[in-house]
2 protein chains.
Amino acid sequence: MSKLQEKVAALPAERCCPALTERELTAEEAELTAAMFKALGDPVRLRLFSKVASHPDSEACVCDIADVGVSQPTVSHHLKKLKEAGLLTSERRGTWVYYRVEPSVLAAMGHLLTPTPASAQVA
Amino acid sequence: MSKLQEKVAALPAERCCPALTERELTAEEAELTAAMFKALGDPVRLRLFSKVASHPDSEACVCDIADVGVSQPTVSHHLKKLKEAGLLTSERRGTWVYYRVEPSVLAAMGHLLTPTPASAQVA
DNA sequence: CCCTTGATTAGACGGTTATCTAAACAGGTG
DNA sequence: CACCTGTTTAGATAACCGTCTAATCAAGGG
């Protein structure tokens, strides 16, 4: 969490790592990238992320998305994880806390999954 | 592993679930999709996947990719996980076993990360 | 037929994680 | 200030996961 988290936070996010098909990842690249995938690798977190991402302006109050079948503290725990992974940001406005999807993150992860030129040739 | 695995295996893979930004995922969709992300959420697995994906024809012998800093049984373990998640297929040809990336899987995961129309309007 | 090389399976161990309950904190309202 | 609602933090527990060594399976070559 500690040092890895700093590295993730320090990333431009728009361009962390090459596409998975471009060349093999270095150990460090793999560690950074895996952290993002890992954050989305839990059903509850994925639902929370999806709820925020599909809300208007990609923003939602905790109270709007907390209904995912686990206790509220657990929801808070997962939101924290998503935040640490750089996938969400949060802001308190009065009583409520709003979570927002960083659009650049989606683009970066999408880039990671760009099909290889080689397979494009084959296809 | 069991029932989830069957469901994952039964998917067309080309179109498992809607984009994360399209609408909030159902519990079942989230479980299926999270399984894929989870498989890529480990640095060693991600490196193995990247090694296969970036090889010519998106195919590689275990002997070509096994150098990721862990023992060979551990490599085998991770390859099995990737295979169970539907991200890789394997085939034995004589002495060696070859792993291959299913191109449709990359496309499906890329689709998941499609930016929301709303954010596109904003941008 | 044995032996070597490549790969997987079995079983165990240590660390991580998801979850809960209980408690604390933050902000608004009467 | 007291209270209520919304949110996070603390601490504990049970399950899961990544890793290893040892053993087993698969395929060829003397």
Side-chain angles (χ1 to χ4, degrees), chain A residues 1-5 8 27 30-31 33-49 51-52 55 59-85 87-100, chain B residues 1-5 8 27 30-31 33-49 51-52 55 59-85 87-100:
Chain A
M1 208 169 288
S2 49
K3 288 193 177 180
L4 176 63
Q5 223 29 66
V8 169
E31 206 160 342
T33 307
M36 287 193 266
F37 282 117
K38 189 177 185 181
L40 294 179
D42 177 89
V44 172
R45 277 199 294 271
L46 193 60
R47 284 185 78 188
L48 289 171
F49 183 84
K51 282 190 172 218
V52 175
H55 252 246
E59 181 183 83
C61 165
V62 175
C63 57
D64 287 331
I65 61 176
D67 184 22
V68 286
V70 295
S71 71
Q72 198 175 28
T74 301
V75 168
S76 184
H77 165 76
H78 284 305
L79 287 172
K80 186 179 180 181
K81 285 283 183 76
L82 287 167
K83 203 169 142 187
E84 286 174 348
L87 269 53
L88 294 179
T89 57
S90 70
E91 181 191 356
R92 177 161 219 135
R93 290 208 284 275
T95 305
W96 294 279
V97 174
Y98 290 81
Y99 281 80
R100 176 193 294 273
Chain B
M1 210 169 290
S2 49
K3 287 193 175 178
L4 176 65
Q5 222 30 66
V8 170
E31 206 160 345
T33 307
M36 285 193 267
F37 282 117
K38 189 176 184 179
L40 295 179
D42 177 87
V44 172
R45 277 198 294 272
L46 193 60
R47 283 186 78 187
L48 289 171
F49 184 84
K51 281 188 174 220
V52 175
H55 252 245
E59 183 183 82
C61 166
V62 175
C63 57
D64 287 331
I65 61 175
D67 183 22
V68 287
V70 295
S71 70
Q72 196 174 31
T74 301
V75 168
S76 184
H77 165 75
H78 284 305
L79 287 172
K80 188 179 181 182
K81 285 283 184 74
L82 287 167
K83 202 170 145 188
E84 286 174 349
L87 269 52
L88 294 178
T89 57
S90 69
E91 182 191 358
R92 176 161 220 134
R93 290 208 285 274
T95 305
W96 296 280
V97 175
Y98 291 81
Y99 281 79
R100 176 192 295 270

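Within every chain, numbering begins at 1; the chains are lettered A, B, ... in the order of the sequence lines, protein sequences first and strands thereafter. Given the structure is predicted, the values throughout are model-derived calculations rather than measurements.
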Which part of the nucleic acid does A:Val75 contact within heavy-atom distance under 4.0 Å: base, sugar-phosphate only, or nothing? nothing
Can you measure A:Lys80 atom NZ to C:dT17 atom P for me and round it to whole angstrom units? 13 Å
If only atom types and distance count, is the side chain of A:Arg100 paired as donor or acceptor with the main-chain N or O of A:Glu59 below 3.5 Å? no
side-chain contact (heavy atoms from CB on, under 4.5 Å), that's the test. Do A:Val52 and A:Leu88 meet it? Break it down for me. CA-CA 9 Å; A:Val52 175; A:Leu88 294 179; 4.1 Å; yes
Between the side chain of B:Arg92 and the main-chain N/O of B:Gly94, is any donor-acceptor distance below 3.5 Å? yes
Check the phosphate of C:dT17 against A:Arg45, side-chain N and O only, distance under 4.0 Å to OP1 or OP2. Yes or no? no
Can B:Val75 and B:Asp67 be said to form a side-chain contact (heavy atoms from CB on, under 4.5 Å), step by step? CA-CA 9 Å; B:Val75 168; B:Asp67 183 22; over 6 Å; no
Any B:Lys81 side-chain N or O less than 4.0 Å from OP1/OP2 of D:dC17: no
To the nearest Å, how far apart are B:Glu31 CD and C:dA18 C1'? 14 Å
Is the distance from OP1 or OP2 of D:dT7 to the nearest side-chain N or O of A:His77 less than 4.0 Å? no
Measure the distance from CG on B:Asp64 to P on C:dT5 and round it to the nearest whole Å. 18 Å
On DNA chain C, compare the nucleotides closest to B:Val62 and A:Gly69; which residue's is nearer the 5' end? B:Val62
Each nucleotide N or O in nucleotides 11-16 of chain D that has a protein N or O under 3.5 Å away: list the pair and distance.
none

List, with names and distances, any nitrogen or oxygen atoms from the protein found under 3.5 Å away from nitrogen or oxygen atoms belonging to nucleotides 21-27 of chain D.
none

Reckon B:Tyr98 touches a base, only the sugar-phosphate, or nothing at all at heavy-atom distances under 4.0 Å? nothing
Run the side-chain contact (heavy atoms from CB on, under 4.5 Å) test on A:Val68 and A:Lys51 for me, step by step, so that the C-alpha distance in whole Å, both residues' side-chain angles and the decisive distance to 0.1 Å come before the verdict. CA-CA 10 Å; A:Val68 286; A:Lys51 282 190 172 218; 4.0 Å; yes
Output the rounded distance in Å from CD1 (B:Ile65) to C1' (C:dT8). 14 Å
Please pick, from D:dC20, C:dA7, D:dT8, the nucleotide with the shortest atom-to-atom distance to any side-chain atom of B:Val70. D:dC20
Any B:Tyr99 side-chain nitrogen or oxygen under 4.0 Å from OP1 or OP2 of C:dT8: yes
Any residue meeting side-chain contact (heavy atoms from CB on, under 4.5 Å) with B:Cys61, in chain and number order, not counting sequence neighbours: B:Cys63, B:Asp64, B:Trp96, B:Tyr98
